[in-house]
Number of protein chains: 2
Amino acid sequence: MAKKVVPETDRRRRKPTKQGVVLTEEMIVQTALRMLHEHGREGLTVRRLGVALGADPSTLYRYFRGTDDLTLAIADELIGRAMRGWRASGDWRADLREVGLRIHTAYLNHPEAAVLTANRVSGRANEIATDEAILGILRSAGLSDPDAVRVYQAFIDLTLAFAALDAASLALPEAARAADEEVWRATYAQLSPETHPNIAATAPLLVARMNDSAYPTALGMLLDSAAATLEAG
Amino acid sequence: MAKKVVPETDRRRRKPTKQGVVLTEEMIVQTALRMLHEHGREGLTVRRLGVALGADPSTLYRYFRGTDDLTLAIADELIGRAMRGWRASGDWRADLREVGLRIHTAYLNHPEAAVLTANRVSGRANEIATDEAILGILRSAGLSDPDAVRVYQAFIDLTLAFAALDAASLALPEAARAADEEVWRATYAQLSPETHPNIAATAPLLVARMNDSAYPTALGMLLDSAAATLEAG
DNA sequence: AAAAACCGTCAACCGCGTTGGCATAAGCTG
DNA sequence: CAGCTTATGCCAACGCGGTTGACGGTTTTT
């Protein structure tokens, strides 16, 4: 077997698939994303991806070194979708807020893919462009390079961390998701005020907040802190 | 096959294993944690866990309904380790900070387990006790119930989100980890100032910060915000 | 027109989680 | 101590997973 995958740019397509499909790296990634969305994290397997594309599973190894390589390609597609069409307005605070919310939203639109990829560094085009954009916002706002890097790191980590956390509960297999919610009703909401006074006192409030993301609040705090740095510097 | 797993409390042990080992739920969880630590996330399988315990893999299904159930047990053990020996000092800010750092640290000590469990609700004893403790800190600090719940949610989500994010990069299989770092040297650090001025200008600073967690900073921001709420209320 | 490269397919390997049936030892009853 | 029940460990098997090596047809190159 060939050890190397031919890079997409050098690829001269040869044979259509038995079912008549002509494959592309892009087509494979899009199909993988769709399968993740429709059938959940467990629903994406090399074999099923092959079936969905009308190709033998082993064909995919001509395009990706393995599942990890495919994962990175999915990661970059996700961030690409988040930033598609974005333009800087010049208002650093509004820009940063929008980039954060775009990423958070894009990830929540594909929770299964988000869980899979939120913590990876793909080094592909879309990821690099996004980092460049964020640093550009901070530096042209007037932050020194060390401050820009500090805020950049807090910003991107906060955003990805919340995206991953919020996506994770959306991406749970239906059974686990139901189980987690059932735990709430069956366990937390039933605790005695004697043994667990604080949970018992706040149970209704806890339930009401359970499905909201704390990301916007946390992002606001970060922006406040960055603004303070800017004024002090 | 029996549909039900006998609860640990009702269990009257009968047979030692072929290798002479007498199993316990606790022993299984501890062994699973150790295997995760030593052989990574992929290294923990039902079959290997069986071997490590000196028991047939199928025996584990007498103790857990399946891998998901085992995962929840691991989750609770992790939070239990984080909080072991903790006592409230009465200074709400110091207490909250310590609880956050304890959880973050405990998770980073078992990154593979953390990635597996950070987003699950186990409803088991240690998890409930921790939530009760956090709410207790906030309410006895003087926050109203709605404020306490708001801060509680931001606090626990922030902590778990960062724990998961920071753990994830520690937990990457060695190959992927090396690949991610290589991406940095090979890609980010080599970008031309012409096409990527902001990354090029800050590359050394980015590299220097790459391995630090932004959690303590973010936690500080959250505590500041909570203190402001307290004074305003 | 011949040679080379590409790339889809086939068959196979091994490891995975899980299950049903079976054997046996532990505990209970007397 | 004898016999019954039942918990629990073990075995064999199932279907599915990722991955690989050999093969062969098709396109591109020379």
Side-chain angles (χ1 to χ4, degrees), chain A residues 1-25 27-28 31-32 35-36 39-72 74 116 173 175-176, chain B residues 1-25 27-28 31-32 35-36 39-72 74 116 173 175-176:
Chain A
M1 167 150 222
K3 301 238 161 202
K4 260 273 163 206
V5 168
V6 175
E8 185 72 7
T9 52
D10 300 5
R11 199 174 279 277
R12 309 220 187 318
R13 233 156 320 299
R14 303 296 171 88
K15 299 164 78 164
T17 226
K18 214 171 192 183
Q19 328 264 334
V21 188
V22 176
L23 297 174
T24 328
E25 183 174 313
M27 175 190 308
I28 298 176
T31 306
M35 293 187 65
L36 276 173
H39 305 109
R41 193 174 172 175
E42 316 280 293
L44 176 63
T45 71
V46 174
R47 290 174 126 95
R48 285 209 258 210
L49 185 51
V51 172
L53 288 163
D56 188 89
S58 63
T59 306
L60 301 175
Y61 289 82
R62 302 279 183 206
Y63 292 82
F64 300 97
R65 262 184 288 281
T67 44
D68 191 71
D69 198 23
L70 175 60
T71 300
L72 293 182
I74 293 174
L116 219 53
Chain B
M1 172 153 217
K3 303 238 161 203
K4 262 273 164 205
V5 168
V6 176
E8 185 72 6
T9 51
D10 300 5
R11 201 174 275 278
R12 307 225 187 311
R13 233 157 317 298
R14 303 296 173 88
K15 299 163 78 164
T17 226
K18 216 172 191 184
Q19 327 265 334
V21 188
V22 176
L23 297 174
T24 327
E25 183 174 313
M27 176 190 310
I28 297 175
T31 306
M35 292 187 65
L36 276 173
H39 304 108
R41 192 174 172 176
E42 316 280 292
L44 177 64
T45 71
V46 175
R47 293 175 123 95
R48 286 209 258 210
L49 186 51
V51 172
L53 288 163
D56 188 89
S58 64
T59 306
L60 300 176
Y61 289 80
R62 302 281 183 204
Y63 292 82
F64 300 97
R65 264 184 290 278
T67 46
D68 192 71
D69 198 23
L70 174 60
T71 300
L72 294 182
I74 293 174
L116 217 54

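So that the names make sense, note that chain A is the first sequence line, chain B the second, and so on, each numbered from 1.
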Could you state the atom-to-atom distance from OH of A/Y61 to P of C/dT9 in whole Å?
15 Å

Is any side-chain heavy atom of B/T31 less than 4.5 Å from a side-chain heavy atom of B/L49?
yes

Does a nitrogen or oxygen in the side chain of A/T45 sit under 4.0 Å from OP1 or OP2 of D/dC16?
no

Rounded to the nearest Å, what distance is computed from the CG atom of residue B/D69 to the P atom of nucleotide C/dT18?
10 Å

Base, sugar-phosphate alone, or nothing: which one does A/T59 contact when heavy atoms must sit under 4.0 Å apart?
base

With no angle test and no hydrogens, is the base of C/dT9 tied to the side chain of A/K18 by a donor-acceptor pair under 3.5 Å?
no

Heavy-atom nearest nucleotide on DNA chain C for A/G54 versus B/P57: which residue maps closer to 5'?
A/G54

From OH of A/Y63 across to P of C/dC7 the rounded distance in Å is 6 Å

If I take atom CG in residue B/L70 and atom C1' in nucleotide C/dT18, what distance separates them, rounded to the nearest angstrom?
14 Å

Between C/dG17, C/dC10, D/dT19, which nucleotide has the shortest distance from any of its atoms to the side chain of A/D56?
C/dC10

Compare side-chain N and O positions of B/S58 against OP1 and OP2 of D/dG9 and report whether any pair is under 4.0 Å apart.
no

B/T45 side chain to B/R48 main-chain N or O, any donor-acceptor pair under 3.5 Å?
yes

A/T17 side chain vs A/G54 backbone, donor-acceptor pair below 3.5 Å:
yes

Find the distance A/L49:CG to D/dG18:P and express it as a whole number of Å.
9 Å

When rounded to whole Å, the CZ to C1' distance for the pair B/R41 and C/dC16 reads 15 Å

Roughly how far, to the nearest 0.5 Å, is OG1 of B/T67 from OH of B/Y61?
6.0 Å

Whole Å only: how far is the CG atom of B/L60 from the P atom of C/dG17?
10 Å

Side chain to side chain contact (heavy atoms under 4.5 Å, CB included) with A/I74: which of A/L70, A/L72, A/T71?
A/L70

Rounded distance in Å - CZ (B/R62) to P (C/dA26)
16 Å

